[in-house]
Amino acid sequence: MASRNTAGKTLKLAPVLDLNEATVLHERLLVLKGGAVTIDASGVERVGALCVQVLMAAAKSWEEDRLSFTFAEASDAFVKTTQLIGAEIGPLMAKEI
């Protein structure tokens with residue numbers, strides 16, 4: 001997904017990613033713009049469609065900037081919800097070497 005692998009930051013997502021969290025998530029991602037980002041969704045218990053949209057838009061933006069945007073870990077709740085709403089995060093999952 002990215003051709004430039006620069007040292008990046010890890011963003012740990014909140015346990016509840018609802019409508020109220022969407023703006024906060026967007027702001028946290030904007031601060032990280034310009035560098036590689038790893039998303040830690042391991043503690044997510046509930047996620048809404050708007051937060052998934054924010055994450056997918058960020059992934060597209062990072063891709064356009066040729067920077068790495070990956071999910072290091074994702075809870076079952078996060079994975080199942082993204083699948084239910086039709087978001088494909090599989091290609092964004094970090095691969096083990």
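The first residue of the sequence shown is numbered 1, and numbering continues consecutively from there.
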Got a sec, which residues hit side-chain hydrogen bond (donor to acceptor under 3.5 Å, both in side chains) with T10, two or more places apart in sequence or on another chain? none
Quick check: are there more than 12 heavy atoms from other residues, nucleotides or ligands sitting under 6.0 Å from CZ of R28? yes
At their closest point, which heavy atom of F71 faces which heavy atom of A41, and how far apart are they? CD2-CB, 4.4 Å
Report the distance from atom CZ of F69 to atom CG of L32, rounding to the nearest 0.5 Å. 9.0 Å
Have a look at L11 and tell me which of T38, L55, V31, L29 forms a side-chain contact (heavy atoms from CB on, under 4.5 Å) with it. L29
List the steps, then state whether side chain to side chain contact (heavy atoms under 4.5 Å, CB included) holds for E21 with L13. CA-CA 10 Å; E21 187 65 21; L13 299 181; over 6 Å; no
Compile the donor-acceptor pairs under 3.5 Å between side chains in residues 80-92 and protein atoms, sequence neighbours left out, one pair per line.
from	atom 1	to	atom 2	distance (Å)
T81	OG1	A77	O	2.8
T82	OG1	F78	O	3.2
T82	OG1	V79	O	2.8
E88	OE2	G90	N	3.2

Kindly compute the distance separating CG (D18) from CG (L25), expressed to the nearest 0.5 Å. 11.0 Å
Is there a path from V54 to M56 through hydrophobic residues (I, L, V, M, F, W, Y) whose side chains come within less than 4.5 Å of each other? yes
Could you tell me whether K60 atom NZ has more than 12 heavy atoms of other residues or ligands within 6.0 Å of it? no
Backbone of E45 reached by a side-chain donor or acceptor of S75 within 3.5 Å: no
